[in-house]
There are 2 protein chains.
Amino acid sequence: MNSQVTSLDVARLAGVSQSAVSRVFSGASASAATAQKVRRAAAELGYRPNPWARAMITGRSGIIGLVVAYFDNPFYPVALELLSRALKAEGYRILVFTVGNSPAEIESVMDELTAYRVDGIITASVAMTNDLTDRCAQAGIPIVLFNRGQDGVGLSSVTSANDAGARQVARFLVAGGHQRIAHVAGWQQSSTGRDRLLGFEAGLAEAGTAPVAVIDGLYDRDAARAATLAMMDTATPPDAIFVGNDHMAFAVMDTLRHELGLSVPGDVSVVGFDDVPMAAWPAYDLTTVRQPVRRMVDSTVETLVAQIAEPDRAPQSIRIDAALVLRGSARCPEGWTE
Amino acid sequence: MNSQVTSLDVARLAGVSQSAVSRVFSGASASAATAQKVRRAAAELGYRPNPWARAMITGRSGIIGLVVAYFDNPFYPVALELLSRALKAEGYRILVFTVGNSPAEIESVMDELTAYRVDGIITASVAMTNDLTDRCAQAGIPIVLFNRGQDGVGLSSVTSANDAGARQVARFLVAGGHQRIAHVAGWQQSSTGRDRLLGFEAGLAEAGTAPVAVIDGLYDRDAARAATLAMMDTATPPDAIFVGNDHMAFAVMDTLRHELGLSVPGDVSVVGFDDVPMAAWPAYDLTTVRQPVRRMVDSTVETLVAQIAEPDRAPQSIRIDAALVLRGSARCPEGWTE
DNA sequence: CCCTTACTTGCAAGCGTATGCAAGTTTGCC
DNA sequence: GGCAAACTTGCATACGCTTGCAAGTAAGGG
């Protein structure tokens with residue numbers, strides 16, 4: 001039963017004081033001789049410093065709180081995995097909170113996070129209300145929003161270039177000769193959903209056109225399916241649909257192909273956003289905008305770590321380039337290279 | 001900056017002793033008058049007990065360590081979400097460790113977990129070597145293996161009835177009149193992979209037959225694709241393939257359809273295992289064995305909580321029934337009802 | 001060789017909470 | 001009204017660790 005080995009036990013065995021043991025394990029200076037005695041004794045007893053006791057004094061727990069709302073979107077599991085690895089490399093662990101997107105629930109989680117005095121917070125796919133933003137800033141815990149922007153100033157965030165990516169999709173679809181372009185939008189309560197819609201509309205406007213239909217798909221499969229059915233059930237149904245994320249795009253494709261008997265891209269072109277792994281699977285072969293998860297994760301961790309080290313640092317909004325990935329779900333303009 | 005409010009501050013404001021505050025928040029008895037004064041003061045100051053200080057004394061951190069290996073298999077994100085909710089209901093948080101499946105890496109994570117003195121550990125999709133098992137038992141931290149069994153005794157585990165499920169698949173495929181039945185197996189280093197293989201072979205043996213081919217797909221998409229190609233590249237290719245999990249089954253279907261130009265189930269029937277959400281999507285419409293995630297999660301949490309409450313309780317191996325879900329990826333025998 | 005400077009090391013004081021103990025207060029019952 | 005029992009409450013200590021401080025020791029320079 002080695003779970004109760006304390007630094008004092010090690011000290012006794014090594015014949016030094018308890019503070020010597022502490023110094024060896026906390027990286028403070030100690031003579032080579034002492035260090036060796038301590039390490040030897042510690043190894044023998046299976047000693048590891050108690051992180052909670054350490055946290056109480058230093059005020060740093062080595063724990064990052066991660067708040068996640070959607071796990072059905074396969075974008076987030078891979079983000080979680082990458083975040084976990086990247087933070088581990090920096091010496092942090094992840095305390096996970098899954099949460100619905102109701103303000104009350106988010107607030108209660110934030111409460112808990114401040115109680116736990118985590119060293120930092122990352123929220124993924126969580127919309128922050130403004131008062132929550134304030135409370136976080138007030139609690140003084142560094143926080144970075146992953147894949148969500150924040151209106152006004154306040155918190156750091158890392159997103160991809162949602163508007164530019166969507167704009168590129170617009171150009172691409174126009175260049176492909178599509179006449180009636182529609183958009184199953186991402187959840188309009190989220191910045192990603194709004195930015196993609198705005199960028200898309202702007203891109204179409206540049207070409208002197210506009211979407212024939214825009215329906216909020218709420219980042220939900222069922223809603224996306226319903227949106228698709230509604231769009232197609234008109235006199236002049238769209239011949240191209242830009243979908244607010246891949247997860248919904250799969251639903252759109254399924255609906256077009258298996259419920260309406262249409263061909264993609266023969267009858268309707270479909271373009272998504274995210275480039276989750278599944279998008280490359282031959283069953284969908286989805287043309288989509290790639291969010292560079294790895295770079296987004298790296299930036300997130302980097303920003304958070306910097307903010308922990310230097311609490312007064314101004315919040316940053318980082319935006320990672322996102323590029324269109326050409327696959328088979330959308331008609332491709334002749335000679336399109338990008 | 002309310003992050004440094006202590007029980008002493010609350011005590012002063014409320015005009016009571018620090019221990020009174022502690023008692024109110026730890027549920028010990030206190031008079032109604034005191035409780036009210038304390039709560040009022042606490043609310044005013046925004047006080048929340050410091051979980052780490054509490055953990056130091058009580059020895060319980062309220063944190064469960066979750067060790068996960070595969071996140072590319074969509075079975076685990078949903079399990080994580082459900083686990084998170086179920087544990088939250090019991091008052092626990094989840095500290096996540098993602099890990100490769102190398103023994104060294106697992107060992108280092110276990111080390112960390114014992115250092116953190118988590119109240120319990122859940123491993124998902126992690127194979128435990130026997131010496132690791134011992135070390136965990138010795139550390140005295142309750143642990144439950146989720147979706148992995150354990151040879152010999154030692155640790156509690158929750159799995160579905162992998163062998164029975166696979167046996168049922170065998171009967172189903174035989175009854176469907178398939179003549180050459182193959183198996184892209186789950187990773188043979190994992191209990192689930194082995195149990196499903198054994199159950200499947202046993203089921204076929206009952207019918208007086210045997211698989212025409214068995215290849216380990218390692219729970220990996222690429223390996224499953226390669227296995228499929230190898231199986232089909234023979235004089236008498238299989239007319240049915242049972243795949244060790246859904247995630248690989250999608251790869252098998254993609255390979256059959258898009259690389260080999262075959263029809264599923266026309267030319268080859270495919271059956272998976274897990275029933276991840278995607279299996280129900282029309283693009284795959286996968287006949288598969290449903291692992292009742294929710295019930296598995298509930299059992300896992302229940303077992304873990306029981307073991308925390310009563311440390312000397314004997315480890316249990318819980319096995320949840322798994323039933324075949326009929327969809328469109330496999331030819332269905334006339335009048336098959338189950 | 002002595003004095004200054006730089007390191008090591010042990011001592012002791014906390015970090016914020018829970019809890020045994022004793023003193024004080026209320027309640028209940030005859 | 002008085003006494004025992006039940007309940008509250010404050011005091012003080014402990015949990016395992018880090019860190020300022022002072023004393024002790026090694027190194028360095030004239």
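Below, read A as the first sequence line, B as the second, and so on, with proteins coming before strands; counting in each chain starts at 1.
Note on ring orientation: taking the six-membered ring where Trp is involved, the planes of A:Tyr70 and A:Trp187 are perpendicular (angle over 60°, cut-offs 30° and 60°).
Distance B:Phe25 CZ to C:dT17 C1': 12 Å, rounded to the nearest Å. Atom C1' of nucleotide D:dG16 and atom CG of A:Asn50 are separated by 6 Å, given to the nearest angstrom. What separates CD1 of B:Ile57 from C1' of D:dA14 is a distance of 7 Å, to the nearest Å. Between the C1' atom of C:dG14 and the CG atom of B:Leu8 lies a distance of 13 Å, rounded to the nearest Å. The CH2-C1' distance, from A:Trp52 to C:dT17, rounds to 15 Å in whole Å. What separates CZ of B:Arg54 from C1' of C:dC15 is a distance of 16 Å, to the nearest Å. The interatomic distance linking B:Arg23 (CZ) with D:dA12 (C1') rounds to 12 Å, in whole Å. Taking atom CZ of A:Arg117 as the reference point, atom C1' of C:dT17 lies 11 Å away to the nearest angstrom.
One can find a donor-acceptor pair under 3.5 Å joining the base of C:dC11 and the side-chain atoms of A:Ser19.
Contact between the side-chain N/O atoms of B:Tyr116 and the OP1/OP2 oxygens of D:dG16 is not found at any separation under 4.0 Å. Distances shorter than 4.0 Å separate some side-chain N or O of B:Ser22 from OP1 or OP2 on C:dA18. For the pair B:Ser31 and D:dT9, the criterion of a side-chain N or O lying under 4.0 Å from OP1 or OP2 is met. Distances shorter than 4.0 Å separate none of the side-chain N or O atoms of A:Ser7 from OP1 or OP2 on D:dG16. A:Ser17 has no side-chain polar atom (N or O) that falls below the 4.0 Å cut-off from OP1 or OP2 of C:dT9. Taking 4.0 angstrom as the limit, B:Gln4 places a side-chain polar atom (N or O) nearer than this to OP1 or OP2 of C:dG16.
Salt-bridge annotation for B:Arg295 and B:Asp298: absent, with no side-chain N of the basic residue lying under 4.0 Å from a carboxylate O of the acidic one. Between A:Glu81 and A:Arg85 there is a salt bridge, since a side-chain N of the basic residue sits under 4.0 Å from a carboxylate O of the acidic one.
More than 12 heavy atoms of other shown residues, nucleotides or ligands fall within 6.0 angstrom of atom CZ in A:Arg313.
If you check every strand for non-hydrogen atoms under 4.0 Å, B:Val16 touches sugar and phosphate atoms only.
A side-chain N or O of B:Tyr219 and one of B:Thr192 form a donor-acceptor pair less than 3.5 Å apart.
Comparing B:Ala33 and A:Pro51 against DNA chain D, the residue whose closest nucleotide sits nearer the 5' end is B:Ala33.
Comparing C:dG16, D:dT8, C:dT19 against the side chain of B:Thr58 picks out C:dT19 as the nearest.
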